[in-house]
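Scroll down for the structure; my scribbles are underneath it.
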Amino acid sequence: MQKREGVFSGLKVLAFAWAVVGPLTMKFFADHGATVIRVETSRRPCTMRSSAPYKDNRPGLNRGGYFTYYNANILSLALNMNHPRAPEVTRRLVAWCDVFFENYTPGVIEKWGLDYESLKKIKPDIVMLRQSGYGSWGPYKNLPAFGMVLVPIVGLPNFIGWPGKEPLPVGVSAYTDCISPRFAVAATIAALDHRNKTGEGQLLDLSQFETSISFILPGLLEYENTGKEPERIGNSSPSAAPHGVYPCKGDDRWCAIAVATDEEWQSFCRVTSRPALAQDPRFATLEVRKKNEDELNRIVNEWTLNHTPEEVMNILQNAGVPAGIVSNTADVLKDPQLRRRNIFWPMSHAEMGDFTHLGQSFRLSGTPARPYSPAPLLGEHTEQVCTEMLGMTDDEFISLMQEGVFE
Amino acid sequence: MLNHLRALDLTDDRGFLCGKILADLGVNVIKVEKPGGDPSRNIGPFWGGVPDPEKSLYWFAYNSNKKGVTLDIEKARGQEIFKKLVAAADFVLESFPPDYLDRLGLGYDYFHKIHKRLIWATITPFGLDGPYRDFRDSDIVIMGLSGTLYQTGETDGPPVHISMPQACLHAAADAAVGCMVAYYSRESTGLGQHVDVSMQQSAAWFQANAIPTYELNGTILKRAGAFRAGMSTQVAQRQVWRCKDGYVFFNVIGGRTGAKTLSALVAWMDEEHLATDFLLHLDWDNFDMFTITQDIMDKISGPVGDFFLRHTRKDLLQGAVPRGVSIGPLSSMRDLLDDECLNARDYWTQLEHPELGVSITYPKEYIRSSLMDFSTRFRAPLVGEHNAEVYEELGLSANDLKSLHKDGII
């Protein structure tokens with residue numbers, strides 16, 4: 001195993017992680033050098049391991065693209081938690097770790113005797129991070145949660161869709177899965193800092209429902225003031241016109257354009273060679289552009305249809321007008337800016353071959369995140385973790401293995 | 001607690017949430033605005049509906065727990081004061097265009113040489129370098145270039161934008177994480193660093209399964225409207241359903257997870273004599289969304305859709321909880337404020353806004369600690385509200401403040 005450097009080098013994280021939100025949260029630690037051990041079992045593998053698409057369309061626990069993409073830098077320990085000797089291993093893992101993470105439906109961890117009070121008895125200064133759909137306590141605690149269901153419960157689709165038409169889901173389903181990890185990680189680092197200075201551990205409890213409300217909060221405050229529920233407004237904006245997604249040359253090709261100021265409007269008219277439009281009183285100010293928005297959008301459409309989205313973006317951006325390709329996945333992968341920022345990490349994986357793993361979302365000048373290892377095969381690091389990190393003798397390890405504890 | 005730390009927050013709406021997250025964790029965050037207030041105070045909606053820099057609900061939402069001062073950092077006297085403020089700070093958070101502060105001689109490059117421990121977060125539309133560095137932004141533009149906009153909307157219509165700005169929130173939350181990682185590093189090395197956050201990159205970071213799907217199958221996931229993309233290519237999988245008083249989101253999915261929720265839903269339908277024989281005898285454990293036929297899908301969707309139509313959002317949520325059915329009634333803003341779980345967990349708090357003569361309900365904590373207080377304690381600052389408190393700490397007298405005010409520095 002490659003030596004891990006980085007900010008969290010030496011930090012030990014034990015993760016009972018599930019689905020997408022689990023690895024996304026762990027990523028921030030793993031990518032900065034922490035040793036993150038994910039406890040898994042082939043008896044009930046993570047739903048991502050058994051989700052298509054698979055390499056060569058052949059299902060297999062180590063062949064899922066969805067799982068591989070999200071699990072770079074994480075180590076996998078196979079452990080059948082329902083085995084009578086599993087507690088011997090978990091007890092040592094808990095004593096070993098600094099951070100205990102879990103994102104199962106509340107109740108699962110309790111069933112295994114791994115609630116905070118029990119963990120504290122083994123490791124008094126442990127930092128426990130629980131991340132669930134609705135919180136580890138409270139009336140919805142037993143309700144299984146998925147990002148796709150949390151999105152409407154948080155109210156996001158009220159802000160997506162056309163007037164008078166049905167609300168729409170966020171296209172990248174399970175959208176809330178990328179909101180809560182950031183709050184969780186920031187708080188966990190604060191907790192670790194506190195532990196380092198005082199020796200006190202703590203329990204952090206995150207409800208994805210509660211955290212994700214932050215992403216619609218202005219709408220909620222407006223409702224409190226006016227009693228007015230949000231209205232779906234398509235691609236329009238109260239503070240810009242033209243504002244929207246415009247069809248371009250090609251099949252399903254689009255460009256987003258947002259003209260907020262009158263100066264931007266003048267630039268738009270200039271670079272699209274429509275000098276008459278620049279003088280047109282129907283479009284002279286934002287107020288009248290909003291009033292004549294349908295006609296305005298028709299005129300913009302006419303122009304964009306003759307250009308590729310790349311041309312539209314470059315022509316307008318060169319004139320200082322905000323515009324951007326509505327990138328599909330192929331566009332994203334070749335986007336020169338995203339490539340420059342190394343958001344994706346190509347890594348070689350034993351079963352997937354060369355495969356794109358998700359990298360980091362921001363850059364640090366002094367201690368950058370790094371790809372250390374591809375997504376783990378299920379149980380790939382079981383022996384190494386038990387003997388090297390937990391200090392088991394070979395005899396102990398073999399005895400547990402023969403009894404099927406590491407399945 | 002982090003209340004020994006101080007952050008100067010010079011961000012506009014691109015970065016508000018960063019300082020908010022840090023402030024909730026205990027950092028003393030001071031917003032530094034232009035005299036007269038930051039232009040981002042003009043973002044609506046407004047309390048009372050009339051534009052007013054002291055009444056922006058957008059500002060309220062993401063600047064609670066922060067204090068605020070005014071300072072003109074383009075003027076020499078202002079720059080002197082800014083340097084003193086930075087000398088006493090642990091974090092500087094800013095979202096100016098790349099190089100703006102460098103041109104004033106007030107950028108990271110200047111400060112980190114004299115203040116090694118300083119952590120500096122810059123949130124820009126695209127990042128501090130690269131071909132798009134100087135491109136202009138707007139939320140819809142960033143969401144477009146991040147790959148998420150393309151996937152939202154009706155199949156036969158244009159991509160549809162989330163009308164509540166999102167890219168800034170992803171980026172600012174990332175900046176908060178970056179600041180904390182940098183802080184953790186500093187505590188052992190003594191060295192601060194530069195956190196460089198690109199809104200495009202932050203928004204592109206989450207694409208669900210789009211990237212691996214493209215890489216393995218060459219398939220570009222498209223918009224699917226009320227349906228779900230990326231599962232069976234032959235069968236449309238409805239995701240948005242009508243219910244008696246609105247909409248409910250529900251996915252017919254296979255595998256163990258799906259089996260649990262679907263059998264629980266069918267049992268619930270059966271209690272109300274709305275389950276068909278077909279549903280009652282379907283083998284949910286071996287149900288595979290990737291291979292089912294349209295005929296089977298229709299036999300599921302028909303009765304399930306009918307069941308939803310007979311129930312209100314509230315009925316559906318209240319019925320789902322004891323039965324463990326994973327469904328998502330679309331919450332209105334009222335539903336959120338009335339939600340049983342949020343209220344039982346004491347999620348809401350009232351913050352006084354004395355100048356408006358009201359108290360407003362806000363989320364109290366985005367994450368809870370058994371030991372530390374992460375709660376929202378006070379409302380967003382008024383323009384220059386804490387000038388006296390903060391500047392007197394720097395040794396400026398009341399007379400100095402009067403003259404600085406007169407000269408338009410604060």
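Each chain gets a letter, A, B and so on, in the order its sequence line appears, and its residues count up from 1. Only this structure's heavy atoms are used, side chains among them; waters, hydrogens and symmetry mates stay out. What you see is a predicted model; the values in this text were computed from it and never measured.
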*Tell me, for B:L336 versus chain A, whether the close heavy atoms (under 4.5 Å) come from the side chain, the backbone, both or neither.*
side chain
*Of the backbone (N, CA, C, O) and the side chain (C-beta and beyond), which part of B:D137 lies under 4.5 Å from a heavy atom of chain A, both, or neither?*
backbone
*asked:* Counting only non-hydrogen atoms closer than 4.5 Å, does B:L317 touch chain A with its backbone (N, CA, C, O), its side chain (CB onward), both, or neither?
replied: side chain
*Which answer fits A:M313, side chain, backbone, both or neither, if we ask what part of it has an atom under 4.5 Å from a heavy atom of chain B?*
side chain
*Of all of B:S188, B:P322, B:S138, which one pairs up most often with chain A through heavy atoms under 4.5 Å apart?*
B:S138
_Structural part of A:V154 lying under 4.5 Å from a heavy atom of chain B_ = backbone
*Parallel under 30°, tilted from 30 to 60°, perpendicular over 60°: which one fits the rings of A:F29 and A:F8?*
tilted
*Any chance the side chains of A:Y69 and B:Q207 put a donor and an acceptor closer than 3.5 Å?*
no
*Can you say whether A:V20 sits under 4.5 Å from chain B via the side chain, the backbone, both, or neither, judging by heavy atoms?*
side chain
*Measure distances from B:L17 to the heavy atoms of chain A and classify the residue's part below 4.5 Å as side chain, backbone, both or neither.*
side chain
*Given that the side chain runs from C-beta out, which part of B:Y247 has a heavy atom under 4.5 Å from chain A: side chain, backbone, both or neither?*
side chain
_Side-chain H-bond candidate by donor/acceptor type, A:E200 with A:H194, under 3.5 Å_ = yes
*Just checking, any donor-acceptor pair under 3.5 angstrom between side chains of A:Q202 and B:S369?*
yes
*Pick one of side chain, backbone, both or neither for B:D129, based on which atoms fall under 4.5 Å of a heavy atom in chain A.*
both
*asked:* Between B:F374 and chain A, with a heavy-atom cut-off of 4.5 Å, which part of the residue counts as in contact: side chain, backbone, both or neither?
replied: side chain
_Residue A:S237 versus chain B: region with a heavy atom under 4.5 Å_ = neither
*With a 4.5 angstrom heavy-atom cut-off, which part of B:L169 approaches chain A: side chain, backbone, both or neither?*
both
*asked:* So which residue, B:E215, B:K364, B:M372, ends up with the most heavy-atom pairs under 4.5 Å with chain A?
replied: B:E215
*Side chain / backbone / both / neither for B:E340 at chain A, heavy atoms under 4.5 Å*: both
*Looking only at side chains, do A:R182 and B:H170 share a donor and an acceptor under 3.5 Å apart?*
yes
_Check: A:L333 main-chain N/O paired with B:Y214 side-chain donor or acceptor under 3.5 Å_ = no
*Counting heavy-atom pairs under 4.5 Å to chain B, which of A:K55, A:R232, A:E229 comes out on top?*
A:E229
*Checking B:V27 against chain A: side chain, backbone, both or neither under 4.5 Å from a heavy atom?*
neither
*With chain B, which of A:V151, A:L220, A:I343, A:D205 has the greatest number of heavy-atom pairs at distances under 4.5 Å?*
A:D205
*Can you tell which part of A:T367 gets under 4.5 Å to a heavy atom of chain B, answering side chain, backbone, both or neither?*
both
*Checking heavy atoms, do the side chain of A:R130, its backbone, both or neither come under 4.5 Å from chain B?*
neither
_Heavy-atom contact with chain B under 4.5 Å, split by part of A:D354_ = backbone
*Verify whether one side chain among B:Y347 and B:D339 offers a donor that lies under 3.5 Å from an acceptor in the other.*
no
*Using non-hydrogen atoms only, which part of A:N318 is less than 4.5 Å away from chain B: side chain, backbone, both, or neither?*
neither
*Between A:V170, A:T105, A:T47, A:N142, which residue shows the highest count of heavy-atom pairs closer than 4.5 Å to chain B?*
A:V170
*May I ask you to name which of B:A203, B:S332, B:A176, B:A182 has the most heavy-atom pairs under 4.5 Å with chain A?*
B:S332
*asked:* Between B:M143, B:K260, B:R242, B:E154, who has the most heavy-atom pairs with chain A when the cutoff is under 4.5 Å?
replied: B:E154
*asked:* If I measure from the heavy atoms of chain B, does A:L221 come under 4.5 Å with its side chain, its backbone, both, or neither?
replied: both
*In terms of heavy-atom proximity below 4.5 Å to chain B, should A:V332 be classed as side chain, backbone, both, or neither?*
side chain
*Answer with side chain, backbone, both or neither: which region of B:S146 has an atom nearer than 4.5 Å to a non-hydrogen atom of chain A?*
backbone
*Taking every heavy-atom pair that is under 4.5 Å apart, which of A:V321, A:I189, A:I216 has the most such pairs with chain B?*
A:I189
*Modelled atom types, side-chain donor and acceptor of B:R223 and B:Q151, under 3.5 Å*: no
*asked:* Does the plane of the ring in A:F355 sit parallel, tilted or perpendicular to the ring in A:H357? Use 30° and 60° as the thresholds.
replied: perpendicular
*When you check the side-chain N and O atoms of A:D193 and B:Y183, is any donor under 3.5 Å from an acceptor?*
yes
*Heavy-atom distances under 4.5 Å only: say whether A:D331 touches chain B with side chain, backbone, both or neither.*
neither
*asked:* For the backbone of A:F362 and the side chain of B:D174, can you confirm whether one donor and one acceptor N or O come within less than 3.5 Å of each other?
replied: no
*Side chain from CB out, backbone as N, CA, C, O: work out which of these in B:R133 comes under 4.5 Å of a heavy atom of chain A, or both, or neither.*
backbone
*Who wins among A:P247, A:A258, A:P218 for the most heavy-atom pairs under 4.5 Å with chain B?*
A:P218
*Is it the backbone or the side chain of B:L25 that comes under 4.5 Å from a heavy atom of chain A, or both, or neither?*
side chain
*Which one of B:W59, B:Y108, B:F126 has the most heavy-atom pairs closer than 4.5 Å to chain A?*
B:F126
*Check whether A:W137 gets within reach of chain B through its side chain, its backbone, both or neither, counting any heavy atom under 4.5 Å.*
both
*Side chain, backbone, both or neither: which part of A:Q317 has an atom under 4.5 Å from a heavy atom of chain B?*
side chain
*Do A:S173 side-chain atoms and A:M148 backbone N/O form a donor-acceptor pair below 3.5 Å?*
no
*asked:* Under the criterion side chain to side chain contact (heavy atoms under 4.5 Å, CB included), I'd like the reasoning laid out for A:R341 against B:D196: C-alpha separation, chi angles, the key distance, then a yes or no.
replied: CA-CA 10 Å; A:R341 296 192 54 96; B:D196 165 13; 3.1 Å; yes
*If you count heavy-atom pairs under 4.5 Å with chain A, which of B:V358, B:L330, B:T152 comes out on top?*
B:L330
*Looking only at side chains, do B:H161 and B:D139 share a donor and an acceptor under 3.5 Å apart?*
yes
*Under 4.5 Å heavy-atom distance to chain B, tell me which part of A:Y175 shows up: side chain, backbone, both or neither.*
both
*asked:* Report which part of B:I211 has an atom under 4.5 Å of a heavy atom belonging to chain A: side chain, backbone, both, or neither.
replied: both
